[in-house]
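Just below is one structure, and these are the notes that go with it.
Please read these numbers as outputs of a predicted model, since none were measured by experiment.
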Amino acid sequence: METQLPPPMVLYRLATAHYLSQAVYVAAKLGIADHLADGPLTHDALAKATGTHAPSLRRVLRLLAAADVLVEREDGRFELTTVGSFLKSGPGSFRAAAQLFGGPMVWQSWGDLLTTVRTGETALHRVFKTDSFEYMNDHPEEAAVFDEAMGSFTAMTAIAVAAA
């Protein structure tokens, strides 16, 4: 990957990429894109709509704006970008995938990658003391998100296959 950044800054961005993935997860989980579907809102209005702490939510929204998921307007309101619009619920949505990748099952398992590399033991089993089927059975909300994410991946793949 070619870049104009000094190598330590490239590594910094890579090492802190989890900040952004968790911000995307939070936005997906809270339905931020659905709240912004009808137009820009302030962080206070979004906090009220999502039952969150306004100053903390503002920091997340600003991180998402820095990543071109949202735009922070001069008047302080936030609006969706084309990328952010894919976090809205409905056909073609990436919302469930963002919730899956940033959610407890995937997030905590990947957080244990070093031990997996050292031992060969699967992180999911070690972290949650169960296999994926039992985990999904015990966490129906996450199972529903998983199913929705797999459905959206299937739709995206079908489009790509048809185009090819």
Between [X] and [Y], which heavy-atom pair has the shortest distance, and what is it?
X: Ala47; Y: His53; result: CB-C, 4.4 Å
X: Ser109; Y: Ala123; result: O-CB, 3.3 Å
X: Gly92; Y: Phe86; result: O-CD2, 3.4 Å
X: Ala33; Y: Gly84; result: CB-O, 3.7 Å
X: Trp107; Y: Gly102; result: CB-O, 3.6 Å

Approximate separation, where rounding is to 0.5 Å, of Glu79 CD and Ser85 OG: 11.5 Å
For the atom pair CZ (Arg77) and CG (Asp44), what is the distance rounded to the nearest 0.5 Å? 13.0 Å
Do Met105 and Met136 have side-chain heavy atoms sitting under 4.5 Å apart? yes
For a 4.5 angstrom cut-off between non-hydrogen side-chain atoms, does Lys88 reach Ser93? no
Sub-3.5 Å donor-acceptor pair from the side chain of Gln108 to the main-chain atoms of Val127, do we have one? no
Main-chain N/O of Thr115 paired with Asp112 side-chain donor or acceptor, under 3.5 Å: no
Taking it one step at a time, do Thr130 and His125 satisfy side chain to side chain contact (heavy atoms under 4.5 Å, CB included)? CA-CA 5 Å; Thr130 189; His125 185 265; 5.9 Å; no
List the steps, then state whether side chain to side chain contact (heavy atoms under 4.5 Å, CB included) holds for Val10 with Arg13. CA-CA 5 Å; Val10 172; Arg13 290 176 86 183; 5.9 Å; no
With a 6.0 Å cut-off (strictly less than), is the heavy-atom count around CZ of Phe153, excluding the residue itself, greater than 12? yes
Criterion side chain to side chain contact (heavy atoms under 4.5 Å, CB included) on Glu148 and Leu100, from CA distance to verdict: CA-CA 9 Å; Glu148 187 178 340; Leu100 173 66; over 6 Å; no
Determine, using the 4.5 Å side-chain heavy-atom cutoff (strictly less than), whether [X] and [Y] are members of one ILVMFWY cluster.
X: Leu113; Y: Phe128; result: yes
X: Val117; Y: Trp110; result: yes
X: Leu14; Y: Leu5; result: yes

For residues 136-146, which residue pairs pass the side-chain hydrogen bond (donor to acceptor under 3.5 Å, both in side chains) check, not counting sequence neighbours? Lys29-Glu141, Tyr135-Glu142
Only pairs at least two apart or in different chains count here, so list each side-chain hydrogen bond (donor to acceptor under 3.5 Å, both in side chains) that has a residue in residues 150-164. none
Go through the structure and list residues passing salt bridge (charged side-chain N to carboxylate O under 4.0 Å, His left out) with Arg59, not counting sequence neighbours. none
Please enumerate all residues that pass salt bridge (charged side-chain N to carboxylate O under 4.0 Å, His left out) together with Glu121, with sequence neighbours excluded. Arg126
Apply the test side chain to side chain contact (heavy atoms under 4.5 Å, CB included) to residues Glu72 and Arg58: give CA-CA distance (whole Å), side-chain angles for both, the deciding distance (0.1 Å), then the verdict. CA-CA 10 Å; Glu72 183 177 12; Arg58 182 172 185 258; 3.6 Å; yes
Once side chain to side chain donor-acceptor pair (under 3.5 Å) is applied, do any residues pair with Ser89, and if so which ones, sequence neighbours excluded? Asp34, Arg95
Other hydrophobic cluster members with Leu87, side-chain heavy atoms of Ile/Leu/Val/Met/Phe/Trp/Tyr under 4.5 Å, chained? Tyr19, Leu20, Val24, Tyr25, Val26, Leu30, Ile32, Leu36, Leu41, Leu46, Leu57, Val60, Leu61, Leu63, Leu64, Val69, Leu70, Phe78, Leu80, Val83
